[in-house]
Protein chains: 2
Amino acid sequence: MTLAAVKPIYWQVNTQVGDQVPDTREILMDTAERSIRLGGYNAVSFRELADALGIKSASVHYYFRKKEDLGVALVDRYSQRFFAVLEKRADGARTAEALLDAYCQTYRTALTSSDAICLCGMLGAETSGLPDAVSSAVRTFFRANLEWLVDAMPKGLDPAAKTARASHVLAALQGAMMLSHNMDDISVFDAAAEVVKAGL
Amino acid sequence: MTLAAVKPIYWQVNTQVGDQVPDTREILMDTAERSIRLGGYNAVSFRELADALGIKSASVHYYFRKKEDLGVALVDRYSQRFFAVLEKRADGARTAEALLDAYCQTYRTALTSSDAICLCGMLGAETSGLPDAVSSAVRTFFRANLEWLVDAMPKGLDPAAKTARASHVLAALQGAMMLSHNMDDISVFDAAAEVVKAGL
DNA sequence: GTCTATAATTTGATAGAC
DNA sequence: GTCTATCAAATTATAGAC
């Protein structure tokens with residue numbers, strides 16, 4: 001077997017027989033997102049991305065001229081997917097309790113399905129060291145989260161209380177992802193989520 | 001004025017007339033801690049540290065042989081200081097409410113006095129990309145936090161409820177620091193902290 | 001304690017051929 | 001789209017002089 005016959009790492013880890021072939025740009029983004037969610041923005045390099053796909057770093061620059069462009073594209077895609085999943089999960093929900101449960105479940109799945117924290121949780125922490133365009137996209141994600149949560153709050157609450165509780169829910173779940181992943185204990189996330197839901 | 005007469009950045013920013021002179025090792029740690037808390041572990045380099053003090057990077061290696069050693073020393077010092085401040089603040093506290101308020105206040109001060117998130121919040125997020133010794137030290141910090149919180153819970157609660165609420169408090173405050181700093185809005189932290197305290 | 005000097009590696013990025 | 005070739009800069013780290 002020649003070296004060329006060895007499949008790039010992405011395929012060894014993330015695919016199975018019958019999988020559709022994602023295009024190169026998509027695979028690059030999958031690989032980069034995973035690295036960032038595990039180790040942060042600086043944990044991804046064009047060279048390592050290229051190696052994972054079996055191409056050269058110059059080819060990665062064809063898809064994303066600068067690293068900053070990759071970062072923004074990742075946050076945008078992540079945000080779209082997150083809210084798509086959230087809306088689907090919250091579709092039948094009629095009560096504030098059900099909406100909040102759907103919200104918590106969406107974050108839980110983000111954590112467990114990737115065994116990594118939220119992309120924006122990581123980039124949000126690193127925000128001061130990131131290109132402006134990236135940290136700006138992250139802030140947009142958080143603002144959208146807060147707006148969704150405010151709308152999901154019980155109708156009786158006054159606006160100030162809604163805002164305060166929305167901040168609490170988002171903060172608690174983001175922190176719970178970090179803590180749970182750091183301590184390698186999903187019960188940490190579940191415990192925090194339970195208290196969040198009980199506080200409604 | 002010669003170039004040598006220009007004081008290194010640390011002194012321009014962090015000192016005032018009458019300040020005691022911290023030793024080089026301490027200043028290096030102050031500078032490194034600030035960089036990490038703003039941009040993450042990879043945001044600090046031996047060269048930039050050296051520049052900030054007006055020395056050479058080889059001299060930084062005299063104090064910390066490897067970057068990993070610096071990381072561990074930072075977490076240990078941070079942890080000691082955190083609990084020293086916490087114990088002082090919680091000194092007169094007799095009720096669970098007072099203890100929790102002291103705990104929240106300690107985190108709030110960590111955020112506002114540095115305009116940066118918790119050192120361990122940052123390193124906790126990046127944990128998968130860090131040297132084992134560093135992420136291990138961070139985990140120790142979190143475990144100590146949870147133990148302190150469990151002990152601070154109302155006596156009536158059963159052990160499982162104490163553990164769950166402790167996880168929630170730590171997660172919520174860590175997330176609140178991240179979110180508040182990212183959105184540059186201290187009211188986000190305060191709102192989350194209020195809900196945390198009200199939930200007791 | 002601090003320096004010079006240096007090594008080995010990695011990184012982000014570009015020009016231009018195919 | 002992917003490549004070769006290349007660059008300038010930065011990074012971690014060490015050896016040894018003063």
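The local environment of NZ in K88(B) is sparse, with at most 12 non-hydrogen atoms from other residues, nucleotides or ligands closer than 6.0 Å.
To the nearest angstrom, C1' of dT2(D) lies 15 Å from CG of D51(A). Remark: P of dT2(C) and CG of L53(B) are 9 Å apart, rounded to the nearest angstrom. In this structure, N42(A) atom CG and dT12(D) atom C1' are separated by 15 Å, rounded to whole Å. In this structure, R47(B) places its CZ atom 13 Å from P of dA9(D), rounding to the nearest Å. At whole-Å resolution of the value, CZ in F46(A) and P in dG1(D) are 17 Å apart. Note: CG (L49(A)) to C1' (dG12(C)) measures 12 Å, nearest angstrom. Straight-line distance from the CD atom of E48(B) to the P atom of dA10(D): 9 Å, rounded to whole Å.
Put simply, T24(A) has a side-chain N or O that comes within less than 4.0 Å of OP1 or OP2 on dT2(D).
Side chain to side chain, N42(A) and Y41(B) fail the donor-acceptor criterion of an N or O pair below 3.5 Å.
Minimum heavy-atom separation, A90(A) to W148(A): CB-CZ2, 3.9 Å.
The stretch residues 58-74 of chain A comes close to DNA chain C through A58(A), H61(A), R65(A), K66(A), K67(A), each having a heavy atom under 4.0 Å from the strand.
Looking at R165(B) and L157(B), their side chains come closer than 4.5 Å, going by heavy atoms from C-beta outward.
Between K56(B) and Y41(A), it is K56(B) whose nearest contact on DNA chain C lies nearer the 5' terminus.
Salt bridge absent: R89(B) and D101(B) never bring a charged side-chain N and a carboxylate O closer than 4.0 Å. Checked for salt-bridge contact, D132(B) and R139(B) miss the test: no charged N lies under 4.0 Å from a carboxylate O.
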